[in-house]
Amino acid sequence: MAPSAQPTAILSHLHRADGSATFSQNGYTVIGAVNGPLEVQRRDELPEEAVVDVTVRPAAGVGGTRERHLESIMQSTLRQIILIHNFPRTLIQVALQITSTPENENAGSKLVQAASNLPILPALLQTSVLALLSASMPLSLTLTSVLLALTSDGTAKRIIRNPTLIQSQSADSLHVLAFTSQGDLLVAESEGSFTIGDWDEIYEAGKAVCCHETKQSDDHEMMDEKEGGTQLFVKSTLQAKVAADLHWKE
């Protein structure tokens, strides 16, 4: 059975963490926990801002260079949306546990898993943001992200939203874009072969998915387009959580 491209999320289900979230999409499931602000060791503290520590744990085995690379991307991104200057000399911990990947259901998963770091990145970003919101962490803005694959058959090019594992392997290039709640590009990670013109189309397609816009090129086809953007999903998830928390007032 093909993994569902529709996202699902659960908030505040880990009772021993300040905030938590589980996010699933396209065969990837990530559990996130946030704690902080916490006391930080003196050798690690920053005098004017908080330290953001991100840990990514793989679905099986121990973390390696792949996880360290993902952690560096996550840390630099989260530092831009958390109001770190409000909590000087403190620590904010973000732990992300990958619990399932589409590679787990295929033979030779180790070889496939090492092929690219990008497919798991949107799930890590969305889980982190939802866990931070669950922890009531002050943020300057939120973000939404998407994975796009650029494919071609020799005559026409096509941009696929949330490609499957097989589509990712056969794509000319893969791209992860993350946009802020104000529509600004925050993360752009790409690999493969593409032109400047291709990048412009990918940027517009990613912004349309994340920010609920409807611009589409005649030369490129956006697949699996659904009503509502990723921002709408995040908003509806938070509204459902708030409504559940306030149910006792009724």
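What you are looking at is a predicted structure, and each value in this text was computed from that prediction instead of being measured.
- Counting only distance, with no hydrogens or angles, the side chain of Thr29 and the backbone of Ser100 share no donor-acceptor pair below 3.5 Å.
- Annotation for Lys241: atom NZ counts as buried by contact number, over 12 foreign heavy atoms lying within 6.0 Å.
- Counting heavy atoms from C-beta outward, Leu46 and Val40 have side chains that stay 4.5 Å or more apart.
- With rounding to the nearest 0.5 Å, the separation of CG in Leu83 from CG in Leu141 is 8.5 Å.
- Cluster annotation: Leu132 is not connected to Ile10 through the hydrophobic network of ILVMFWY side chains, with a link wherever side-chain heavy atoms come within less than 4.5 Å.
- The heavy-atom pair separating Cys211 from Gly183 by the smallest distance is SG-CA, 3.9 Å.
- Rounding to the nearest 0.5 Å gives a distance of 6.0 Å between CD1 of Ile159 and CD of Glu201.
- To the nearest 0.5 angstrom, Ser170 atom OG is 7.0 Å from Ile160 atom CD1.
- Note that the OG atom of Ser181 and the NZ atom of Lys235 stand 11.5 Å from one another [nearest 0.5 Å].
- In the hydrophobic clustering of this structure, Ile73 groups with Leu139; members are Ile, Leu, Val, Met, Phe, Trp, Tyr whose side-chain heavy atoms approach within less than 4.5 Å, directly or through other members.
- Partner of Ile31 under the side-chain contact (heavy atoms from CB on, under 4.5 Å) criterion, out of Ile98, Thr99, Thr127: Thr99 alone.
- Ring geometry for Phe23 against Phe233 counts as perpendicular: the plane angle is over 60°, on a 0 to 90° scale with 30° as the lower cut.
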(Q) Quick one, Asp44 with Asp53, criterion side chain to side chain contact (heavy atoms under 4.5 Å, CB included). Give me CA distance, side-chain angles, the key distance, then yes/no. (A) CA-CA 11 Å; Asp44 297 326; Asp53 178 49; over 6 Å; no
Q: Output, in order, the C-alpha distance, side-chain angles, deciding distance and verdict of side chain to side chain contact (heavy atoms under 4.5 Å, CB included) for Ser134 and Val34.
A: CA-CA 8 Å; Ser134 171; Val34 171; over 6 Å; no
(Q) With side chain to side chain contact (heavy atoms under 4.5 Å, CB included) as the criterion, how do Val30 and Ile120 come out once you've worked through the C-alpha distance, each side chain's angles and the decisive distance to 0.1 Å? (A) CA-CA 9 Å; Val30 180; Ile120 187 64; 4.0 Å; yes
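- Classification of Glu71 and Arg68 as a salt-bridged pair holds, one side-chain N sitting under 4.0 Å from a carboxylate O.
- Note that CD of Gln80 is 11.0 Å distant from CG of Asp184, once rounded to the nearest 0.5 Å.
- A chain of hydrophobic side-chain contacts below 4.5 Å, direct or via other Ile, Leu, Val, Met, Phe, Trp or Tyr residues, connects Val187 to Leu133.
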Going by atom type alone, with no hydrogens or angles, which donor-acceptor pairs under 3.5 Å involve a side-chain atom of residues 84-93 and a protein atom two or more places apart or on another chain?
from  : atom 1 : to    : atom 2 : distance (Å)
His85 : ND1    : Glu48 : O      : 3.2
Thr90 : OG1    : Phe87 : O      : 2.6

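- Looking at Val242 and Asp245, their side chains never come closer than 4.5 Å, going by heavy atoms from C-beta outward.
- Taking the side chain as every heavy atom from C-beta outward, Met74 and Leu125 approach each other to under 4.5 Å.
- With hydrogens and angles ignored, the 3.5 Å screen pairs no side-chain donor or acceptor of Asn35 with any backbone N or O of Ala17.
- Within a 6.0 Å radius of CD1 in Ile166, other residues, nucleotides and ligands contribute 12 heavy atoms or fewer.
- Proximity of His175 to Trp199: side-chain heavy atoms (C-beta onward) are separated by under 4.5 Å at one or more points.
- Using a 4.0 Å cut-off between charged nitrogen and carboxylate oxygen, Arg79 and Glu49 count as a salt-bridge pair.
- Placement of Leu118 and Leu124 within a single hydrophobic cluster is found when ILVMFWY residues are connected by side-chain heavy-atom separations under 4.5 Å, directly or transitively.
- Checked against Ile81 for a side-chain contact (heavy atoms from CB on, under 4.5 Å), the options Thr142, Val129, Thr180 give a single hit: Val129.
- For the pair Leu96 and Leu70, the minimum side-chain heavy-atom distance is 4.5 Å or more.
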Extract all donor-acceptor atom pairs below 3.5 Å that involve side chains of residues 143-154 and protein atoms in other chains or at least two apart in sequence.
from   : atom 1 : to     : atom 2 : distance (Å)
Thr144 : OG1    : Cys210 : O      : 3.3
Ser145 : OG     : Pro122 : O      : 3.4
Ser145 : OG     : Gln126 : OE1    : 3.4
Thr151 : OG1    : Arg158 : O      : 3.4
Ser152 : OG     : Asp172 : OD2    : 2.6
Asp153 : OD1    : Thr155 : N      : 3.2
Asp153 : OD1    : Thr155 : OG1    : 3.1
Asp153 : OD1    : Ala156 : N      : 2.9

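- Shown here for Asn26 and Pro163, the closest heavy-atom pair between the two residues is ND2-O, 2.6 Å.
- One N or O on the side chain of Gln97 and one on the backbone of Pro58 form a donor-acceptor pair closer than 3.5 Å.
- Between Val94 and Met137 the shortest side-chain heavy-atom distance does not fall below 4.5 Å.
- To the nearest 0.5 angstrom, Leu165 atom CG is 6.5 Å from Tyr28 atom OH.
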